[in-house]
Each structure stands twice: as C-alpha cells, then as structure tokens.
Amino acid sequence: MRRVRLHRDLPVPMPDGVTLLADHYAPADVGRAPVVLMRSPYGRRGLFGWFYGRGFARQGFHVVIQSCRGGFGSGGLLDPLGDEHDDGLATVVWLREQPWYGGSFAMFGPSYLGYTQWAIAPYAGPELKAMATQVTASQFRDAAYVGGAFALESALSWTTLTDGMSRRFGGAAAFTAPRMARRAVLSGRPVAELDVASAGRELRFFQDLLAHHADPAVPYWDKRDFSPKVGEVEAAVSMLGGWYDVFLPWQLKDYAALRAAGRRPYLTIGPWYHVDAHHGRPAMAEATAWFRAHLLGDRSLLRAQPVRLYVTGARQWRDYPDWPVPGMRERRWHLQHGFGLGPEGPLDSPPDRFRYHPSHPTPVIGGPVLLGDSRPRDQRRLEQRRDVLVYSSPALESDVEAIGPVRAEVFVRSSTPYVDVVVRVCDVQPDGRSLNICEGVRRLVDGGPGVRRVSVDLWPIAHRFGRDHRIRVHVAAGAYPTIARNPGTGDPLGSGNGTMVPADVEVFHSPEHPSAVVLPLCAPRG
C-alpha cells in the first residue's frame, strides 16, 4: 500500500474573490494521476480525511477534500445549496492547473457531498469520468417539502447543525444539534420561531425554507435543483442508498433519469439510515472498484449485476439487472370494513372516522429523519391512539415479498380542506410487534367539500413479510415532529398566528371508493 503525503490548506480562488481551502492527499512516488474530488461543508479532516483521503490516495489517486464556502477556513458565507455549481466548476478549473493533475477526475461523497457532485456533473466536461454518490440526490427540495408537507425535524436539525459547526467547539454540533432541534419542535412554539429556540438565533436557510414552502416552483430553487440535467451526465455513476434514508425516493428518481437516457448506473441499497456508520465501508469499497474501473481501466472488482438490494425481513443481499426489478407486479391491498386489509375488493360499508387536533398533533415513532436512527420501531403505542386508523390482514399463509415503489390511493373527506394524509405500512410479527416498513404523506389544499381521491407516495421497499406475519396499514393526519403540524387553516407555514382548526376525517372503503395500498409484489426467493 502506498505512503501518502498530506498538503493542508491549499488556497483555491473563486471568481468573486473568495478563497476556499482544500487538503491534498498525494500518493507517494506518483506524479500525474487521476484525482478524486470531495467538496464538503462538514470539514475535511479527522476520521473523514483519514478514511477517505488516505484510503483513495493509497490506491494511487490524488485526493482533494475542499471545504465549501463559509466553513472550516474557507471564505465567504454559507448559502446552503446556492453556491455549489459555481464554486464546484471554479474548483475544477483550479484542478486542471495543478502539476499533479492527470487529465481526469472522479467525485465522491454522501449527502451534501453527493449534492455537490450533481451540481457540476452535467457541466464538468469529459474529464469527469466517474461519480460515487451515497444517500443523496440531485435536489433536496422535495425532501424538504415531502408530499407537500414540511419535513420539520430534518430541516431544523440540519440548519442547527451547520450553524453550530461554524461556532467555537463546532465539532460537538453533530451530537447536540438533533437533541436541540427535537427539544425545540416539542416546545409548542410557532414554526417560524423554532430556529431561535434550537440555535439561539434566526437561521437564514430555515427561514428561506419556510418562505418558499407554498410554491416550490419559484426562482429560489432554480439554481438549487439539478434534477432536470441528470440525464445529461455522461460520467459513470454509482449510487448507494438506504431503505430508511430521507433521500431514497429522489435518489431513485435520479437512477431512473439516467436509465431513461441510456446510462447504466450501479445501484446499491442496504438496511441503512442517513447517518448510519454501517454504510461507510461499503461506500468506500464500491467507490474504489468504480474508480479503478473508470479511471484506471481495471474492471476486475466490479460485480456482474448493476443493482444490489438488501431484502429486509429475508435478511438477504440480492443482485438484479435493473430497478424496478424484473417480474415485479403491482397488487392492491384494500382497506376493508372492520379494519381489515386484503387483496379482495372492498364491500359496501360506511367510512371510518377520526378527529385530528393540530394543537395535539398525531406523533410519529421512527421513520426517515436526517440526523436520527430511522430503523423500524414498534408502533403498538401509536396504534392505540384514536386519531390513527389501523387496518390489518389475516396472518399470511406464505411469504409475501414486495420489492419496488409503494403508493396508496385513499378516498377521504375532511371537515377542513387543509389536511394531511399520512399512510404507513407495517410488518406485524407473530409476537405482536408492529414494525414500520415504509410511509408517506400528502398535504391537501382547498379542493372542495366532497370525497377526494388522494395519491400518496410511500418510501420504496424490498421486504419479505414472513409466513404467519400480518401486513398492517395506518392512516392518520399527522406525523409530528417529522412533519410540521397542519393547522387546518391554509395559512402560510411560517405565519404563526396561532389559529388551529381540527379536522374530522372520513376514510372510505367501498366499491365506489376502493382505498388501497399498492404493493410491488415479487415471487419469493430462497
């Protein structure tokens, strides 16, 4: 394994006069060679620099880890998501001027570091040979406004984190920010004041998210959304995601855009959540194989099939030629009278009802969040609440495997037109534990007083519901604090006038209004 020399704090000039700092990990006794570029708002040293910087350099690559503007010595002010296109391309110009640059480069990194890759990938030219992205997407807008609702806890914890990292003892922010954000959202203060409650001062990006919630299709997002250009990326792309990651649905949209453009990306999805340390080593191993193949011409480490999925419930890794996987077929599991669930069509029956009180919002147990452990948790305490409808199948006579996108079609009527529809799928164990597998939300706006057909996109899954287990579906109108409470008024998210309107919600299940969850069924393996 090669020795590595570290050159710290290299100045990288930006066109507007700001200087960003970068560390260069150089493989000893190697001159000009391909470069691996990482652009990060979270610092460039410590375990991250040692594991990835030295790790790739020992493979014979030059490695550049750069701090994004406004943090860890880099000049300017952090404008989250806003400067990564221009700064990234200026960094590529700088790379080309270095005597050790070998004429080609790759990019690597998870989360925001993956977003910085998409920000320049369609524009970087043919010298960009490969990308290895993890738990990320080409745009974060839809994850912030998931289903039209506001991902409150994730947005507040991230803005608190990035603010804390800019202060003295910022290294502790990764541990303190999630607790500070959770304490703030449970304080009952208006949404527009939660940044002050969490961080002690107003946070610009949090306020920007509130201001642009009502209409995501505004100029604010034009320079922060790179999804329209994903199909134009010619570099070879490898993606690693987690079934419990907040960005998974949009990561898979990026995969689909590449496939529609005729590309052959690699995709790996494991039983991981966003900040799960367990995806670090697989990310490094897969990126090493990917970079060796596309920058050094050594394809010996690549797997035969481009898609690798971990099937939860079955506890198996499986390889496939594509996503969605071949042979998948959609099957409707209908909500039934008496709180049943099954593939049979519903009979004539009256709707089920519940009341949602925004002043006492329906809580959430688990589910995808940015800075927390999002693995499945027992939902039985939640299922005892009167504002959660629970529909369960009989015990399964054989294994049922679902691999692919999940959606729900729910027919509802509400006393206020401004209401959220939350749908969750659970796996009920023989011992009675009810574990959440996937969920989704749709925020409704004024659509009239009648019955409304609501389409809800849930998180994708690859899961085996075992024999003697039951499939269970929740329908509710809140998932707090993961999702900001819906006050029922239609007022702007940050208005803070304090008005709360309860919603009396009816959920229909009849031949005329066949509410159902649509599962992607596959023939069980093994």
Side-chain angles (χ1 to χ4, degrees), residues 1-14 18-76 78 84 87-88 90-114 116-117 120 124 127-134 165-166 168-174 277 279-292 295-296:
M1 211 46 98
R2 293 178 175 86
R3 291 184 299 109
V4 176
R5 295 190 179 97
L6 172 59
H7 307 279
R8 297 183 185 274
D9 300 334
L10 301 183
V12 184
M14 298 293 106
V18 168
T19 297
L20 308 186
L21 298 185
D23 291 349
H24 172 209
Y25 294 80
D29 304 320
V30 173
R32 293 165 58 88
V35 175
V36 176
L37 172 64
M38 289 173 266
R39 303 192 61 250
S40 169
Y42 305 122
R44 56 190 186 277
R45 295 182 183 160
L47 182 61
F48 183 86
W50 180 87
F51 188 67
Y52 295 117
R54 293 186 181 277
F56 288 126
R58 286 170 177 160
Q59 296 289 327
F61 300 105
H62 289 282
V63 182
V64 173
I65 306 179
Q66 181 189 65
S67 291
C68 297
R69 72 169 56 209
F72 298 90
S74 287
L78 176 65
E84 308 313 339
D87 288 355
T91 301
V92 173
V93 171
W94 175 84
L95 272 183
R96 294 187 180 118
E97 298 171 349
Q98 305 313 303
W100 36 265
Y101 177 65
S104 63
F105 74 102
M107 294 189 291
F108 171 86
S111 192
Y112 197 102
L113 284 75
T116 65
Q117 297 182 52
I120 69 169
E127 295 172 50
L128 175 59
K129 301 297 184 183
M131 300 164 54
T133 71
Q134 304 87 35
M165 292 177 74
S166 69
R168 191 179 181 188
F169 307 118
H279 56 65
R281 288 189 180 278
M284 182 68 181
E286 294 203 356
T288 297
W290 198 246
F291 294 161
R292 292 190 65 83
L295 281 83
L296 303 179

To the nearest 0.5 Å, how far apart are [atom1] in [X] and [atom2] in [Y]?
X: M107; Y: T133; atom1: CE; atom2: OG1; value: 10.0 Å
X: T19; Y: D9; atom1: OG1; atom2: CG; value: 12.0 Å
X: M284; Y: H279; atom1: CE; atom2: NE2; value: 15.0 Å
X: R32; Y: W100; atom1: CZ; atom2: CH2; value: 11.0 Å
X: L296; Y: T288; atom1: CG; atom2: OG1; value: 10.5 Å
X: W94; Y: L20; atom1: CH2; atom2: CG; value: 10.5 Å

Mind checking side chain to side chain donor-acceptor pair (under 3.5 Å) for H62 and listing every partner two or more places apart, or none if nothing turns up?
-> H24
For Q66, check side chain to side chain donor-acceptor pair (under 3.5 Å) against everything at least two apart and list the hits.
-> R39, T91
Between S74 (side chain) and S67 (backbone), is there a donor-acceptor pair under 3.5 Å?
-> yes
Applied to residues 18-29, the salt bridge (charged side-chain N to carboxylate O under 4.0 Å, His left out) test, sequence neighbours excluded, yields D23-R44, D23-R45
Which residues share a side-chain contact (heavy atoms from CB on, under 4.5 Å) with A28, sequence neighbours left out | R3, R5
Residues at least two apart in sequence or cross-chain that pass side-chain contact (heavy atoms from CB on, under 4.5 Å) with P41, listed by chain then number, are C68, Y112, L113
Under the criterion side-chain contact (heavy atoms from CB on, under 4.5 Å), which of F105, F108, Y25 is the partner of V36?
-> F108
[X] to [Y] - nearest heavy-atom pair and separation:
X: P13; Y: A90; result: O-CB, 4.4 Å
X: A130; Y: L295; result: CB-CD1, 3.8 Å
X: V30; Y: G60; result: CG1-O, 4.2 Å

With the side chain counted from C-beta on, respond yes when K129 and F291 share a heavy-atom pair under 4.5 Å apart, and no when they do not.
-> no
Are any non-hydrogen side-chain atoms of V35 and V63 less than 4.5 angstrom apart?
-> no
For V12 and L21, what are the C-alpha separation, side-chain angles and deciding distance, and is it a side chain to side chain contact (heavy atoms under 4.5 Å, CB included)?
-> CA-CA 6 Å; V12 184; L21 298 185; over 6 Å; no
I'd like a table of donor-acceptor pairs (distance under 3.5 Å, sequence neighbours excluded) in which one partner is a side-chain atom from residues 50-57, with atom names and distances.
none

